[in-house]
Every structure is written in structure tokens, then in C-alpha cells.
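Here's the structure, in C-alpha cells; my notes come after.
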2 protein chains.
Amino acid sequence: MDFVGTALAELTMPQISPLAGEPIEKADAERLAGVLKALADPARLRLLSLIQSAPDGEACVCDLTAPLGLSQPTVSHHLRILTEAGLLEREKRGVWAYYRLVPSAIATIADLLTPPRKRATKKTR
Amino acid sequence: MDFVGTALAELTMPQISPLAGEPIEKADAERLAGVLKALADPARLRLLSLIQSAPDGEACVCDLTAPLGLSQPTVSHHLRILTEAGLLEREKRGVWAYYRLVPSAIATIADLLTPPRKRATKKTR
DNA sequence: TGCGGATATGCAGGCGAATCGATGCTGTAG
DNA sequence: CTACAGCATCGATTCGCCTGCATATCCGCA
């Protein structure tokens, strides 16, 4: 993986050109595909959903293994991928590791997919 | 794959619950992941982009192999996956097969990802 | 009817990913 | 200091997917 720790930056500060407009660059396609690939998994979608709907918008690994029916290492693995993609952020408090959604990360992805509106939050290069 | 020909219906008439709100169902997660998986590939993202930005919003296979640098069978394969996911529609005119974007398929996916607004297009069960 | 071009399909090699058990690491409690 | 609980990492296995080559199929044309 060369996404480790960088996918977030490329996401929240997207040099990635949206699907709209002119033909997408090969490099941009690979970056966007990389983030989408993190989303394109049932277990990870459910993880995001579970965390987002948790009491304080956060959850630790021990709360997530049971609902998913997956082993703890596997859940930890998925959380790692989501974090590296810039979708989750991790905070360790004591023995527990709490994960929460990165505020508008998913919304940013959605914006990259939809052509219609103009994204005013960036200078379009 | 049991998505063949059905993913479109489940997409444009989404019984799929969005990522927002309460924890997503396992079946819904798998359906959404299935569609996202079709998107999560550099070659397919570029295909969508190329077709979308083509003169009449449509393109045939022969126009797409060169820009991608992939073989004709491979391009045909990707177009098949996108079509089965409900993102593209195929129309055969003579010897050529023209592909075009399904009107609001991608926008529907984007809506499923973003929590904010309420989608009025469905009765929320 | 026979030929040639445009696509689709079958088959197979190779790489990446999902999963789990075992293990290591790090705080917390006693 | 020791024991234990919560997580991350490692190694191995299985599975799915991307790609190309070869081939089949379909259609228009002579």
C-alpha cells in the first residue's frame, strides 16, 4: 500500500478530479479507486454505519466484533484500512481504541462522484 | 455473481438503506458494496469518465480501448461489469455496441453515501 | 453465400484481499 | 510486580479479480 497516511490528505484536499467534466487522468482514477475500494466491502460499510450510529459517534473494537460476526483481528484489519483511507480516525484512550468518522470524508467522496453542483470549497486547481 | 441484471433495479429503486441513520443491514451492505465494487477500479472509472465526456454521451468499445491502453476483451469485460451494476446501458447499432451512462445511477450512489438531506424519492418504508 | 470487422465469451496465469489463529504489545487492576 | 484485558501484527490459507490470448458470435457487405 502506498496509501498509508496519504489517502486522507488527497481526499480532504482533493487534487482528484471528479468523474464529471473531461476524461479523468489515470493517476486520479487510481487514487479515487483506492478510496472507493476501501468502501466497497460489506464489513467495512457496516463498520462505518455502526460507528456513525453509536452513542457518541464513536466505538471501540470490542463493540464491533459481535455485531459483525467477525474475529477481532479481522475487524481490526478493516478499521485499519478505513483509517488509512481517511474515512476513520483513531483515538486510544487507556486500553481501548475509539474510532470515529472523519467529519466530511464520505461527503467528499460523494461530491467527487456527482457532476451537478460546483464544488466551491476548492479552487479547481 | 448474483447481481447480474438486478443491481440496477436495486439501485434505481433503492431498498438499500443509506449509510446514515441506524446500523445498516448485512444484506444492504452487501448490495451497496457490490455496486461500489464496480466503481472501485481505475479502468472502470476512466471508462465512465470517457463515455460521459464523449460527443453524444455515448461511445463504442473501439473508441475506448486506445485511451485506456487495455485489450479489447478486457475493456469489454469492464463494460459488462459496469452494465450489470446498473451504471451503464448498452445499445447495439449495427456492428457497434454503444454504451452510455444510466441517467442518475451514480447520483443515486452518492445519495446513499451522504447522510445530510432526506431523500424524498422514497417512502422510507 | 462467403468474407471481414466489431464484440463477447472461455480459459488460465498471477496478484491482491479477506479471514482466522497465534502471538506480541500496552495499559490497568490488584 | 503480576496477571489480565483490549488491540495490533504476523503468517498462512483461501478466494476473487484483472488481464490477455484464443476463439466464438453477430452483422453488414459484396
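Just so it is clear, the values below take in all heavy atoms, side chains as well, and ignore hydrogens, waters and symmetry mates.
- Of the options A:Ile81, A:Leu47, A:Thr83, a side chain to side chain contact (heavy atoms under 4.5 Å, CB included) to A:Leu88 is made by A:Thr83 and by none of the others.
- Between A:Leu39 atom CG and C:dA18 atom P the separation is 12 Å, expressed in whole Å.
- Where B:Cys62 and A:Trp96 meet DNA chain C, the nucleotide closest to each residue was compared, and B:Cys62 sits on the side nearer the 5' end.
- Note: NE2 (B:His77) to C1' (C:dG13) measures 15 Å, nearest angstrom.
- As a whole-Å value, the separation of B:Leu68 CG from D:dG20 C1' is 15 Å.
- Under the 6.0 Å distance and 45° angle rule, A:Arg90 does not count as a cation-pi partner of A:Tyr98.
- Atom CD of B:Glu25 has 12 or fewer heavy atoms from other residues, nucleotides or ligands within 6.0 Å.
- The nearest whole Å value for the distance from the CG atom in A:Asp41 to the C1' atom in D:dC17 is 14 Å.
- Taking only side-chain atoms of B:Ser76, from C-beta outward, the nucleotide of C:dT9, D:dT19, D:dC7 with the closest atom is C:dT9.
- Set against C:dA8, D:dC27, D:dC7, the side chain of A:Cys60 has D:dC7 as its closest nucleotide.
- Cluster annotation: A:Leu50 is connected to A:Leu87 through the hydrophobic network of ILVMFWY side chains, with a link wherever side-chain heavy atoms come within less than 4.5 Å.
- Under 3.5 Å, the side chain of B:Gln72 and the base of C:dA6 form no donor-acceptor pair of N or O atoms.
- Protein atom OH of A:Tyr98 is 8 Å distant from nucleotide atom P of D:dC7, rounded to whole Å.
- Note on A:Arg90: only backbone sugar-phosphate atoms sit closer than 4.0 angstrom, heavy atoms only; bases stay farther off.
- A:Arg44 is not listed as a side-chain neighbour of A:Leu39, based on a closest heavy-atom distance of 4.5 Å or more.
- To the nearest angstrom, P of C:dA18 lies 13 Å from CG of A:Leu79.
- Taking for each of A:Thr74 and B:Arg44 the nucleotide of DNA chain D with the nearest heavy atom, the 5'-most of the two is the partner of A:Thr74.
- Toward the 5′ end of DNA chain C lies the nearest nucleotide of A:Lys37, the other residue of the pair A:Ser71 and A:Lys37 mapping further downstream.
- The separation between A:Lys92 atom NZ and D:dA8 atom C1' is 8 Å, rounded to whole Å.
- Residue B:Leu64 is classed as having no contact, given no heavy-atom separation below 4.0 Å to the nucleic acid.
- Taking atom CZ of residue B:Arg80 and atom P of nucleotide D:dT25, one finds them 16 Å apart after rounding to whole Å.
- Distance from the side chain of A:Pro73 is smallest for C:dG21 among the nucleotides C:dG21, C:dA18, D:dC7.
- Across all strands shown, B:Tyr99 has heavy atoms under 4.0 Å from sugar-phosphate atoms exclusively, and none from any base.
- Within the 4.0 angstrom heavy-atom criterion, only backbone atoms of the sugar-phosphate kind lie near B:His78; the bases stay farther away.
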